[in-house]
Amino acid sequence: MGRILPSSVNSIKRYFYIFRSLFISQYALMIEYRAEIVLWALSGILPLIMLTIWKEADISKEFGFNHKWLSSYFISAFIVRQFTAVWVMVIFEKDNIEGKLSPYLLQPINPFWRYYISHIAEQFIRIPFVFIMLLLLFVLEPSFFWSPSLIRIILAIIAIFSAFTLRFLIHWFFSMLCFWTDRASSIERLLMIPYLFLSGLVAPLEAFPPVIRFVALSTPFPYILSFPSKILSGQDVNIINGYLVMFIWMLIFLLLGRVAWKFGLRKYSGMGA
Amino acid sequence: MNLRFLSIIGVFWSKSILAEIEYRVNLIVEIFSVIGNLSGSILILSLFYSNGNNLGGWTWNASLTVLGVYTLLEGFTTCILQPNLSRIVSHIQQGTLDFILLKPFNSQLWVSFRIFSPWGLPSVVSGIILISIGIHSSNEVLSFNSFLICFLMLISSILILYSLWFVIASTSIWFVRVWNANEVLRSTLVAGRYPLSAYPDSLRRFFTFIIPIGFLTTVPAQAAMNSVSIGVILASCAFALLLLWISNRFWLFALRFYTSASS
């Protein structure tokens with residue numbers, strides 16, 4: 001921090017310094033908001049509500065969901081959702097309208113990284129709270145507990161991080177709409193709908209009729225939630241296939257986002273600056 | 001007094017509708033969002049009813065009515081609760097609550113009903129449509145009496161919802177950043193999309209007395225299906241009035257701690 005690196009320092013080391021200082025400053029910023037982060041974490045309880053309904057529903061037996069299967073799936077979905085929260089559209093819209101984007105544009109680094117790293121910093125602050133919530137849940141209902149193997153945990157952490165990145169790239173692409181319209185964040189409401197119903201958050205994809213399952217699987221949404229949840233809950237899942245599709249979606253939205261950024265920036269008027 | 005109140009609210013609301021109409025694109029977004037959310041919710045609900053199964057002993061039409069009541073309440077939240085109560089925080093932060101307290105008008109009513117956002121109306125309308133479909137296709141003939149009871153139960157569920165939001169929002173006099181607590185409430189109320197009997201026993205008690213989702217959506221739907229007992233009707237009304245009274249007391253209590261920042 002505060003150290004000026006001579007340009008002779010090789011680029012990898014340079015990037016390491018840049019990202020480290022970005023992370024440290026964003027972490028410090030986010031820790032100010034820890035009370036909000038607790039409340040955000042609490043408001044992600046939808047998978048747990050759905051778990052109680054699916055456990056009671058008669059239909060679960062027909063689909064072959066036993067209680068263990070349901071609880072490990074939905075609790076995994078709860079964990080995955082906690083670490084894939086993305087709100088970049090709201091912040092980006094605000095920064096765009098208030099002209100706060102202008103100083104960021106002067107820095108020799110794409111503002112994308114600032115937003116991306118601030119999300120990651122928030123996740124680090126969230127970790128202890130999510131652990132406390134899980135602990136409470138397992139104390140109240142010990143039958144929910146399951147222990148995934150170490151290899152599953154590692155694969156799941158990678159999958160959750162990739163899922164977060166994919167979701168971030170999707171939201172980043174749609175954030176670029178802010179350059180053309182004032183209220184782009186209402187698009188976020190629309191983006192929430194397929195995420196809610198097709199990602200596997202409220203119902204396991206196995207419960208869908210084949211046509212709808214096919215539609216869901218041809219969108220990126222199940223890879224943001226259902227895929228990492230299945231790895232974590234220890235269910236049968238084609239891991240290589242899943243990672244591959246996720247990677248392709250990431251690439252698509254990365255390219256779309258870059259193009260939109262390039263054209264959108266020409267529209268930026270620096271309002272309020 | 002009541003007439004004066006109504007005419008003032010009328011002026012407030014027509015002004016805020018004029019201001020919101022500036023953003024006409026929002027209407028399209030809202031309509032799409034309501035259609036998307038409803039088709040998603042109905043899809044999920046239909047999963048529980050495939051192959052002749054049911055959800056907590058409720059018929060498909062009755063569950064549809066529950067979803068309708070939920071959608072109606074969501075619309076009410078977007079129209080009134082969200083736009084008004086989210087502003088309490090900034091009134092306290094900037095000290096502009098001073099001006100509200102000085103007005104010769106009940107301050108609780110002012111902070112709760114100053115703004116009307118028309119963007120919740122698509123939800124309200126589709127909620128009413130869904131309730132009507134539920135009643136109509138269950139071949140339930142709704143007599144005038146049961147219509148009145150259903151209406152009464154809807155009013156008391158709206159009052160309960162309002163009081164809960166208001167009490168949480170007014171705690172921002174102590175904790176300025178409390179707005180997110182209302183998001184927690186909103187995300188818990190999602191449980192009201194399904195009838196109370198779909199939940200296990202322990203949660204049912206929690207959803208009746210602590211976060212009264214039962215009174216919010218299940219009871220009005222039961223009233224529409226003609227299957228609500230007189231005891232439940234009285235309990236719902238009493239609960240609504242009690243919470244409303246608490247919300248008023250709590251607001252007056254909280255105001256004692258208002259320090260009028262930056263003035």
Side-chain angles (χ1 to χ4, degrees), chain A residues 32-63 67 81 140-141 181-209 211-213 215-216, chain B residues 22-57 78 119 175-195 197-204 206-207 213:
Chain A
E32 270 294 298
Y33 292 94
R34 55 197 180 277
E36 279 94 329
I37 292 172
V38 173
L39 292 171
W40 285 336
L42 273 175
S43 60
I45 54 162
L46 181 64
L48 302 181
I49 294 177
M50 293 317 292
L51 165 62
T52 59
I53 292 208
W54 279 99
K55 259 182 68 186
E56 290 285 301
D58 305 326
I59 191 77
S60 297
K61 290 188 198 76
E62 280 181 40
F63 287 127
H67 284 184
R81 199 192 179 195
L140 285 172
E141 199 62 67
T181 157
D182 275 359
R183 281 198 172 180
S185 66
S186 51
I187 302 292
E188 196 193 28
R189 285 167 54 79
L190 294 183
L191 211 54
M192 198 59 198
I193 296 166
Y195 171 69
L196 202 57
F197 296 111
L198 299 181
S199 69
L201 191 65
V202 289
L205 291 178
E206 285 78 5
F208 286 156
V211 184
I212 294 172
R213 197 185 321 157
V215 171
Chain B
E22 179 84 11
Y23 305 97
R24 280 175 294 261
V25 184
N26 263 26
L27 181 67
I28 299 167
V29 172
E30 277 312 313
I31 289 176
F32 270 111
S33 138
V34 166
I35 293 174
N37 266 319
L38 271 187
S39 20
S41 307
I42 292 175
L43 167 75
I44 300 297
L45 196 60
S46 74
L47 297 180
F48 294 109
Y49 282 86
S50 50
N51 300 341
N53 284 289
N54 66 42
L55 195 60
T78 317
W119 310 125
F175 320 103
V176 175
R177 280 171 178 168
V178 89
W179 181 245
N180 292 291
N182 282 67
E183 288 305 311
V184 178
L185 177 67
R186 208 172 183 173
S187 62
T188 316
L189 294 182
V190 171
R193 276 192 186 157
Y194 307 98
S197 54
Y199 295 95
D201 270 334
S202 50
L203 266 184
R204 243 180 266 177
F206 179 77
F207 283 155
I213 285 161

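Below, read A as the first sequence line, B as the second, and so on, with proteins coming before strands; counting in each chain starts at 1.
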[X] and [Y]: which non-hydrogen atoms are nearest, and at how many Å?
X      : Y      : answer
B/A191 : A/I49  : CB-CG2, 3.8 Å
A/E56  : B/A198 : CB-O, 3.3 Å
A/L39  : B/A181 : CD1-N, 3.7 Å

So which part of [X] gets closer than 4.5 Å to some heavy atom of chain A, the side chain, the backbone, both or neither?
X      : answer
B/L203 : side chain
B/S50  : both
B/R186 : neither

Residues which pass salt bridge (Lys or Arg N to Asp or Glu O under 4.0 Å) with A/R213, listed by chain and number, not counting sequence neighbours:
none
What distance separates B/Y49 OH from A/I59 CD1, expressed to the nearest 0.5 Å?
11.0 Å
Hey, could you give me the CG/CH2 distance between B/L55 and A/W54, rounded to the nearest 0.5 Å?
9.5 Å
Pick one of side chain, backbone, both or neither for A/M192, based on which atoms fall under 4.5 Å of a heavy atom in chain B.
neither
Does any heavy atom of chain B fall under 4.5 Å from the side chain of A/L48, the backbone, both, or neither of them?
neither
Indicate every side-chain donor-acceptor pair of residues 26-36 of chain B with a distance under 3.5 Å to a residue at least two apart or in another chain.
| from | atom 1 | to | atom 2 | distance (Å) |
| --- | --- | --- | --- | --- |
| B/E30 | OE1 | A/R189 | NH2 | 2.9 |
| B/E30 | OE2 | A/R189 | NE | 3.2 |
| B/E30 | OE2 | A/R189 | NH2 | 3.1 |
| B/S33 | OG | A/R189 | NH2 | 3.4 |

Tell me which of these, A/I53, A/L190, A/L46, has more heavy-atom pairs under 4.5 Å with chain B than the rest.
A/I53
If we only count heavy atoms from C-beta on, is the B/N37 to A/L196 side-chain gap below 4.5 Å?
yes
